[in-house]
Colleague: 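Questions regarding the structure given below will be posed in turn.
All values derive from a computational prediction rather than experimental measurement. Heavy atoms only: backbone and side chains are in, while hydrogens, waters and symmetry mates are out.
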Amino acid sequence: MKKLPGVEIDRSGNITMNGTPISKIIVNGEEFFGDDPQIALKNLPKEIVDKIQVTDTKTEAQAFTGEDGDSNNKTVNITIKEDKNKGYFARATAGYGTDDRYEASAIFNYFDDELRTSILASSNNINSSGFSYDETFGMMGRSAAAISGGPGITKSESAGINAANKWKNKWGFKEVETSGDYFFGRNDTEQRSESQTEYLLPDSRYFRNTERSSNFINDSHRGNAEFEIEFDTLTRISVKPKIDANFAESYSQSFSESLDENRNLVNNTETAQNGKSESLRFENQIGFIKKFGNKGAFFRLGFSNKHENQNSESLYYSETTFFEEENNRIQVQDQFIDLENKEDAYSLEARHRLPASESLSFDSSYDFDYSYATNKRYVYDSENNDGNYNSINDTLSNDFSVLNRIHAPRFGLNYEIMDWEIEADLGLLLTHLENDNLFQETTFENDYTNLNVSMEIKYEQQGEPYYSLDYETSTEIPFIRQLQPVVDRTDPLNIIIGNPELRPTYRHQINLQYRNFNYNTSSGISSWLWLNFIENDIVSISTIDEDLVRETRFTNIDGSINAHAGVSYNKGIRKENKQYNFSLSLSGSYNKNLGFTNGIKYQSEQYSFNPSVRLTYVIEKVLEINPIYGLTYRSSVYDINAERNENFINHQVGLDFTTYWPENLIFANDISYRYLENVAPGLQNSSILWNLSLGYQFFEDKATIRFKVYDLLDQNIQAMRIINNDYIRDSNDLILTRYAMLSFSYKLSSFGGRSRP
């Protein structure tokens, strides 16, 4: 992939081509374990690849009707060599290291023309998903650039199977295609964190220090299937059922203390919670397409449904002490909480295209969405703290439902002339929102009408610059938690109450793009501008009482703005066995946020600027060097309490250095240095994360023994500062630190020629 003109792959495995992200990798035109590009990229051996084709990402329906795809996302189609399309390849890895760190994984793939079967399995305790495997660092991955590991330490176990087959001219059909997969995953995550938060009010401030620990175990099951039948060249039907199931256990405890502006102790709270939960979700999509002739006319009908059920039971205990001059006041919550969430959703889409000429066609469509969700939360108090929970708490309990209906009729046109294309749609978005609080016997319902507009103008021709302008409107329905007018005291110091009269959020989105890549000089430029104007934005209204207890409600507000812009330049030079690449990118953002702090309306503006440069130098089969530098500048300005304004610059420098000499010896280093200005005094603000790997290949490169070290200098940190509209939080989390590991990998493969009918 790296040898393709304009292609860049970062250390996390994210792929871009001429600045455009690669969102999907398919094999022989079909999905490979879903649409995750990482699985195909890091598990298919290069020896079986014949051709690589990059196209605009299309849905299967768009591919069948001949409609344009998404030019802002690309799909890579990997074609297997004919003499490698019948056979198998497999790989297994096992490793063990210091601090009882371990990894184990295996993959098996079988090809027989159109039949394909894959099996994956893995287990590790080094924060790896297990399905994305790096040839040099194994499950550790190239993580230094991102200072990875994330908060917590996760032990994961996973397994999956995928099968696909295609029959042509069978049973009276032109083509029949089936595929299915099943995944199992178990994650056991331990987390610990410490944080110091400064809450900024219009005329004062207060502080809160928190220590938290938790353990979360989740078993997940995921199954997908797909059935497609092409009756002939004009008619196609597809069915795609999907099921997800999760079963979890959790335990958490915390201690926090609140201090006033003079650092005097006002309150403290100890909490403990443990519980079990399960969720089941079934989804299904049915699609029917009928084309008329070869001029682009078609009728498309789609139906989808979703049914979800979530249940949980938990024991919650908190003890809060309010420190007062005469007597300290203690508030205890000892409760059993029973939650049940259900949702049934249905969607119908009908679309018709009628060509008027070779250049002009008219579209008409109608979408209908229906959803009905219920949220039941019953809280039982233990009156005597004796472990018997038989007294229902009417204030904290609720039985709430939300019904939502959306009608969206649209009419549009598609006009193509030369290499220009104009696509425009205009319609209405008719939304009915109905909330019922069965526990308190209150009802609220309303209807909303918005324009439903989309427009795209683009110019695209092979070897020429690409231009596009997009405008689109969209709506966003409030979450149940934001709507239900009940008191949530799960955190005694942060009380949340919903607002059943919230209106849907309405967004105007504008996107401009320019791309130009010269294949003769292997150089290109890509730029973009994205604007988002928000009406009825949902924001919180928080008020703080004298005990420093925060109560949060929700309301709608107009005037929020988000903007992002960027430009990137790529240049590649290839001479014999040497390759040079240069990449420069500049990006920035602007965010105008409106909200309330302690009941007073405010406006904040955030500016950011992010330049980065990356170089690549490769001598095939000898070495590869990838230095990178990035800078982040951020400025925050508030119209109340100017002391909250802040400017800071963070720096990050990275270096990948891999040698492949002497033959069969691979020595890799992944080094990253970062310096953070926006951390609290006393916290470490700089670190070097150095991952090292030394591998030796033998048995005709089928076997590899590898010694690797994560965080060689033992400097990995997870200190960060989060700046929000009314608080500044500094935190430090438990993360994965230095370990060394010895691993062994072995590959097997056997391929034959394409079978004959």
Side-chain angles (χ1 to χ4, degrees), residues 22-45 48-50 53 55 57-65 69 73 75-80 84-90 106-121 131-132 158-185 220-232 235-245 281-289 300 302-306 754-755:
I22 301 290
S23 58
K24 182 188 295 186
I25 292 182
I26 56 180
V27 180
N28 287 348
E30 308 298 333
E31 289 188 352
F32 182 77
F33 266 104
D35 57 3
D36 183 358
Q38 297 274 354
I39 296 179
L41 181 70
K42 295 185 176 180
N43 287 288
L44 287 174
I48 72 171
V49 176
D50 181 25
Q53 181 186 20
T55 61
T57 296
K58 291 186 177 185
T59 65
E60 292 171 347
Q62 289 173 330
F64 186 75
T65 59
N73 287 283
T75 292
V76 171
N77 181 26
I78 298 175
T79 303
I80 305 301
K84 297 292 193 297
N85 209 43
K86 189 176 182 65
Y88 70 87
F89 67 88
I107 178 172
F108 174 82
N109 289 271
Y110 174 75
F111 290 89
D112 188 357
D113 292 336
E114 302 295 351
L115 173 64
R116 186 180 70 240
T117 302
S118 303
I119 300 174
L120 298 171
F131 287 117
S132 294
S158 52
I161 182 170
N162 171 271
N165 205 351
K166 184 187 296 184
W167 297 270
K168 295 184 179 180
N169 300 315
K170 289 279 190 178
W171 309 296
F173 302 117
K174 178 178 179 291
E175 184 175 282
V176 177
E177 182 179 345
T178 64
S179 66
D181 60 65
Y182 166 76
F183 283 96
F184 166 77
S220 63
H221 304 264
R222 187 183 78 199
N224 298 276
E226 183 173 354
F227 307 93
E228 294 184 9
I229 298 176
E230 286 190 26
F231 295 89
D232 49 44
T235 311
R236 173 183 176 271
I237 190 170
S238 64
V239 181
K240 298 180 180 180
K242 176 181 179 180
I243 188 167
D244 288 298
R281 183 176 64 185
F282 172 78
E283 298 180 23
N284 189 35
Q285 296 180 356
I286 301 174
F288 171 80
I289 301 174
R300 188 168 73 203
F303 173 79
S304 64
N305 60 296
K306 179 178 72 171
R754 177 177 289 274
S755 63

Colleague: As a quick check of understanding, evaluate side-chain contact (heavy atoms from CB on, under 4.5 Å) for Phe89 and Phe111, giving each step before the final call.
Modeller: CA-CA 9 Å; Phe89 67 88; Phe111 290 89; 3.6 Å; yes
Colleague: Is there a donor in the side chain of Asn162 and an acceptor in the side chain of Ser118, or the other way round, less than 3.5 Å apart?
Modeller: no
Colleague: With sequence neighbours excluded, tell me which residues meet side-chain hydrogen bond (donor to acceptor under 3.5 Å, both in side chains) with Asp232.
Modeller: Thr235
Colleague: With Glu175 as reference, evaluate Glu230, Arg236, Glu114 under the side-chain contact (heavy atoms from CB on, under 4.5 Å) test and give the passing residue.
Modeller: Glu230
Colleague: Begin from the C-alpha positions of Phe183 and Asp181 and carry the test side-chain contact (heavy atoms from CB on, under 4.5 Å) through to its verdict.
Modeller: CA-CA 7 Å; Phe183 283 96; Asp181 60 65; 3.8 Å; yes
Colleague: Measure the OG1-CG distance between Thr79 and Asp50 for me, rounded to the nearest 0.5 Å.
Modeller: 6.5 Å
Colleague: I'd like to check Pro241 versus Phe282 (side-chain heavy atoms, cut-off strictly below 4.5 Å). Are they in contact?
Modeller: yes
Colleague: Per the side-chain contact (heavy atoms from CB on, under 4.5 Å) rule, which among Asp112, Leu115, Thr117 passes with Asn165?
Modeller: Leu115
Colleague: For the CG atom of Asn224 and the OG atom of Ser179, what is their distance to the nearest 0.5 Å?
Modeller: 8.5 Å
Colleague: Closer than 4.0 angstrom, basic N to acidic O: yes or no for Lys306 and Glu283?
Modeller: no
Colleague: Are any non-hydrogen side-chain atoms of Phe303 and Asn284 less than 4.5 angstrom apart?
Modeller: no
Colleague: Might you point out which heavy atoms bring Phe108 and Ala90 nearest each other, and give the distance in Å?
Modeller: CD1-CB, 3.8 Å
Colleague: Are the ring centres of Tyr88 and Tyr110 closer than 6.0 Å?
Modeller: no
Colleague: Who passes side-chain contact (heavy atoms from CB on, under 4.5 Å) against Asp244, sequence neighbours left out?
Modeller: Arg222, Lys242, Arg281
Colleague: How many angstroms lie between atom OG of Ser304 and atom NZ of Lys240, to the nearest 0.5 angstrom?
Modeller: 11.5 Å
Colleague: Quick check against the 3.5 Å criterion: does Ser220 have a side-chain atom that pairs as donor or acceptor with the backbone of Gly185?
Modeller: yes
Colleague: Can you tell me how far apart NZ (Lys86) and CD1 (Ile80) are? Round to the nearest 0.5 Å.
Modeller: 15.0 Å
Colleague: Are the side chains of Tyr182 and His221 in touch, meaning some heavy atoms are under 4.5 Å apart?
Modeller: yes
Colleague: I'd like to check Ile25 versus Ile78 (side-chain heavy atoms, cut-off strictly below 4.5 Å). Are they in contact?
Modeller: yes
Colleague: Once side-chain hydrogen bond (donor to acceptor under 3.5 Å, both in side chains) is applied, do any residues pair with Gln285, and if so which ones, sequence neighbours excluded?
Modeller: none
